[in-house]
Amino acid sequence: MSLPNEENALDSQLSSHFFWDILDSIIVDVASECHRIARLGLDRNLEEEEEELKLSAQARARVADSSNNNEVNGKYVVDIFGQTHPPVASEIFECMNCGRAIAAGRFAPHLEKCMGKGRKARTKVTRSSTAQSRHLRGNHAPTNSPYSNSAGANRISNGHSGVSGEEHSNGTYEP
Amino acid sequence: MKPKTSVNRPPTPDVLENPPEREPTLQELLNIKLIESGEKERLMELLRERLVECGWKDDMKALCRAFVKKQGRNNVTVDELVHVITPKGRASIPDSVKAELLQRIRTFLMSAAV
């Protein structure tokens, strides 16, 4: 039966051995990671730091030159990739709410009116029942118009539920 | 002439050249237990986490970067980096981290050696 002191010494020797063993593995991992970064040139701070500073200063100068208020004066702006953007985005899509063809740049204001979230559009009760049933049959967020319950829709979209409590978002409709 | 390779891999020892020892040492047995139970991996993760938290890893990476800058980035091997980091790495472990790990290892050894 060994003395407790001896056991402790053996214990700590073993523990130390394993500790250094684990540490060595970790050191190799870190070295490997740094090696990879070095070889792949992922470390941009190496000698390229001064060059990067120059390039970013150039980019900043270019951005400061061309104005960003392109909506006002219609000037084309060049971004950091050298692409130009027309002042009003001109791609045309179909509004998912009303089905009309709308230009991308006019989409937000159109949605305001179309979905009734704008100030004035909200109180307008101009929706006909045909417009309502077309909304409810398609896959889109329902409006918060008071007609949403009374329309004879057999399927409610699984978008966001509107203000009305009876709407279900799992695609079933309970009268 | 062989080009400088990134990783210096020693040749695989042949079984005939190196007959397995008949009596595995206590250390080897415990090592096997550590690995098989998954505890070694857990300890490594714990140590890694602590070393990141205390900034040790960043210090080591800085050493590596300095070395790479000096040597030229295409002229370094993993071995060289290991040699660069090891002395400082071993010496700069915070005492608290070391104590924590040693405690966990000791606990495991006590439970494993029974």
Q.
Using the rule side-chain contact (heavy atoms from CB on, under 4.5 Å), only one of B:I105, B:N31, B:L109 pairs with A:L14; which is it?
A. B:L109
(Q) Report which part of B:L30 has an atom under 4.5 Å of a heavy atom belonging to chain A: side chain, backbone, both, or neither. (A) both
Q. Do A:F18 and B:I35 share a hydrophobic cluster, counting only Ile, Leu, Val, Met, Phe, Trp and Tyr and linking them when any side-chain heavy atoms are less than 4.5 Å apart?
A. no
(Q) Using a 4.5 angstrom heavy-atom cutoff, name the option from B:R106, B:R90, B:K40, B:K61 with the most pairs to chain A. (A) B:R90
**Q.** Rounded distance (nearest 0.5 Å) linking atom OG of A:S25 with atom CZ of B:R48
**A.** 8.5 Å
Q. Can you name the nearest heavy-atom pair linking A:I26 to B:M44, along with the distance?
A. CD1-O, 3.7 Å
Q) Say you draw a straight line from CZ of A:F19 to CD of B:E100; how long is it, rounded to the nearest 0.5 Å? A) 10.0 Å
Q | same_hphob_cluster(B:F108, B:L29) at 4.5 Å side-chain heavy-atom cutoff | A | no
**Q.** Minimum heavy-atom distance A:A38-B:V76, with the two atoms named
**A.** CB-CG2, 4.4 Å
Q: Output the distance between atom CG (A:D29) and atom CE (B:M60), rounded to the nearest 0.5 Å.
A: 14.0 Å
(Q) Just verifying a value: how many Å separate B:Q27 CD and A:L10 CG, rounded to the nearest 0.5 Å? (A) 9.0 Å
Q. Just how far is it from atom CD of A:E33 to atom CG of B:L81, taken to the nearest 0.5 Å?
A. 11.5 Å
Q | From CG (A:L23) to CG (B:L43), nearest 0.5 Å | A | 12.5 Å
Q. Does atom CD of B:E45 have more than 12 heavy-atom neighbours, drawn from other residues, nucleotides or ligands, at distances under 6.0 Å?
A. yes
Q: Using the rule that two of Ile, Leu, Val, Met, Phe, Trp, Tyr join whenever any of their side-chain heavy atoms come within less than 4.5 Å, decide whether B:L63 and B:V52 are in one cluster.
A: no
Q: Determine whether A:C34 and B:R65 make a side-chain contact, defined as any pair of heavy atoms from C-beta on separated by less than 4.5 Å.
A: no
Q | Residue selection (most heavy-atom pairs with chain B, distance under 4.5 Å) from A:I37, A:V28, A:I27 | A | A:I27
